[in-house]
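Quick caveat: nothing in here was measured; it's all calculated off a predicted structure. When a residue number appears, it is its place in the shown sequence, counting from 1.
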Amino acid sequence: MPERSEKEKMIAGDLYFSADPELAADRKAARKKQILINHEDDSKRRNQRVKETFGSVGDSLHVEQTIRFDYGYNISVGENFYANYDCVLLDICPITIGDNCMLAPNVKLYTASHPLHPIKRKSGLEDGKPITIGNDVWIGGGSVIIPGVTLGDNVVVGAGSVVTKSYPDNVVITGNPAKVIKTIELDPEEATPLEQQQDIIDDLDWQVVELLEKRIAAVSNILQTKTNDDTDFFTSERYEKILSHVQKAVTNPAYEEVIQETFKDLLRHTQEMEEKFRD
């Protein structure tokens, strides 16, 4: 089996020498690309240069000035990627970002690491772990994602967080170290047309009840007044006048009969209230 290059070791997350000539040349080339990207004021040309630098990108992305990276070719982003000002993506290992993701200002994704043992660390050996971000993820300003973290779809990272471990879909995380503070409840399925009409009827029923209570209260006040001055208000002529007004108020002839019968029932209950007051 042929010996692996330092570049292959690096991308695999194994110990490697960063001073390797091939890697040094790649970093130098990446610095030149960064200068061109970050000094480009035209956003279309800047985004095109990012597309030519990253390993893979979707059709649509927008990157603000400035952005920093080690190599660029280990970064993959999906559709509608957005990076705000001063983001850092240290990509010695793959950084994979899904569709519709947003990085707020000063977000840092670190795949690079160093040995814990001081002797190994002084030797110049380095290592790292990949970072994977799902779809529809929003990472708040000043947040840090450390090597090896995977974030699921729809995750929101609060500003200033330090994310030290992986999290599943649909959570809000924040703090140092970041912890789950909320589960994101996705919108329920859209109501069917029948359910939508039922909701309309339920709302109207509440309005009808409120109006009926007001009408009954007004009738009660009238009946109380009659006991004092014997004025006869609920006469047959009055009822006929009410029904005539109702007929004129109806705008859809197809509903006229039903509405008239409903009001006749309502007037019948008014008569019953009047009889109870007489008793």
Fill in: Verify same cluster id: Leu204, Val258 (apolar side-chain graph, 4.5 Å)
no
Worksheet item: Is there a side-chain contact between Ile139 and Val155, using heavy atoms and a 4.5 Å cut-off?
Response: no
Item to complete: Using a 4.5 Å cut-off on heavy atoms from C-beta on, say whether the side chain of Asp86 contacts that of Glu64.
Response: no
Practice prompt. Measure from the side-chain N and O atoms of Gln65 to the backbone N and O of Glu40, and report whether any donor-acceptor pair falls under 3.5 Å.
Written response: yes
Worksheet entry | Identified side chain to side chain contact (heavy atoms under 4.5 Å, CB included) partner of Asn80 from the options Asn100, Asp136, Leu61 | Asn100
Item to complete: Tell me whether Leu103 is reachable from Val149 by hopping between hydrophobic residues (I, L, V, M, F, W, Y) whose side-chain heavy atoms are closer than 4.5 Å.
Response: yes
Worksheet entry | Same apolar cluster: Ile131 and Ile173, side chain cutoff 4.5 Å | yes
Item to complete: For the residue pair Phe81 and Ile97, establish whether any side-chain heavy-atom pair is separated by less than 4.5 Å.
Response: yes
Worksheet item: Is there a side-chain contact between Leu151 and Val157 (heavy atoms, below 4.5 Å)?
Response: yes
Discussion item. Between Glu52 and Arg49, does any NZ, NE, NH1 or NH2 come within less than 4.0 Å of an OD or OE carboxylate oxygen?
Written reply: no
Worksheet item: Minimum heavy-atom separation for Gly128 to Cys93, with atom names?
Response: C-SG, 3.5 Å
Worksheet item: If we only count heavy atoms from C-beta on, is the Ile37 to Ile67 side-chain gap below 4.5 Å?
Response: yes
Discussion item. With a sphere of 6.0 Å drawn around NZ of Lys179, does it hold more than 12 non-hydrogen atoms of other residues, nucleotides or ligands?
Written reply: no
Item to complete: Say whether Ile146 and Val163 are linked into one hydrophobic cluster, either directly or through other cluster members, by side-chain heavy-atom distances under 4.5 angstrom.
Response: yes
Worksheet entry | Under the ring-ring contact (aromatic ring centres under 6.0 Å, His included) test, residues paired with Tyr167 that sit two or more places apart | none
Discussion item. With clusters defined by side-chain heavy atoms of hydrophobic residues (ILVMFWY) lying less than 4.5 Å apart, directly or transitively, does Ile75 cluster with Ile35?
Written reply: no
Worksheet item: Does the side chain of Leu211 come within less than 4.5 Å of Arg215's, by heavy atoms?
Response: no
Fill in: Within 6.0 Å of OH in Tyr255, more than 12 heavy atoms from elsewhere
no
Fill in: Residue pair Glu240 / Glu237, side-chain heavy-atom distance below 4.5 Å
no
Discussion item. Less than 4.5 Å apart, side chain to side chain, heavy atoms only: is that true for Arg46 and Ser43?
Written reply: yes
Item to complete: Go through the structure and list residues passing ring-ring contact (aromatic ring centres under 6.0 Å, His included) with Tyr110, not counting sequence neighbours.
Response: none
Item to complete: Check whether any side-chain N or O of Arg27 sits under 3.5 Å from a backbone N or O of Ser18 as a donor-acceptor pair, and report yes or no.
Response: yes
Worksheet item: Are there more than 12 heavy atoms of other residues, nucleotides or ligands under 6.0 Å from atom CD of Glu257?
Response: no
Worksheet item: Above 12 or not: heavy atoms from other molecules or residues under 6.0 Å from OH of Tyr82?
Response: yes
Item to complete: I would like to know whether Thr111 and Asp91 meet side chain to side chain donor-acceptor pair (under 3.5 Å); could you show each step before the answer?
Response: CA-CA 6 Å; Thr111 66; Asp91 63 319; over 6 Å; no
Worksheet item: In this structure, are over 12 heavy atoms from other groups packed under 6.0 Å from Phe263 atom CZ?
Response: no
Worksheet item: In this structure, are over 12 heavy atoms from other groups packed under 6.0 Å from Leu116 atom CG?
Response: no
Fill in: Salt-bridge criterion met for Arg4 and Asp14 (N-O under 4.0 Å)
yes
Item to complete: Answer yes or no: is there an ion pair linking Lys7 with Asp20, defined by an N-O contact shorter than 4.0 Å?
Response: no
Practice prompt. Using a cut-off of 6.0 Å, state whether more than 12 heavy atoms not belonging to Glu272 lie near its atom CD.
Written response: yes
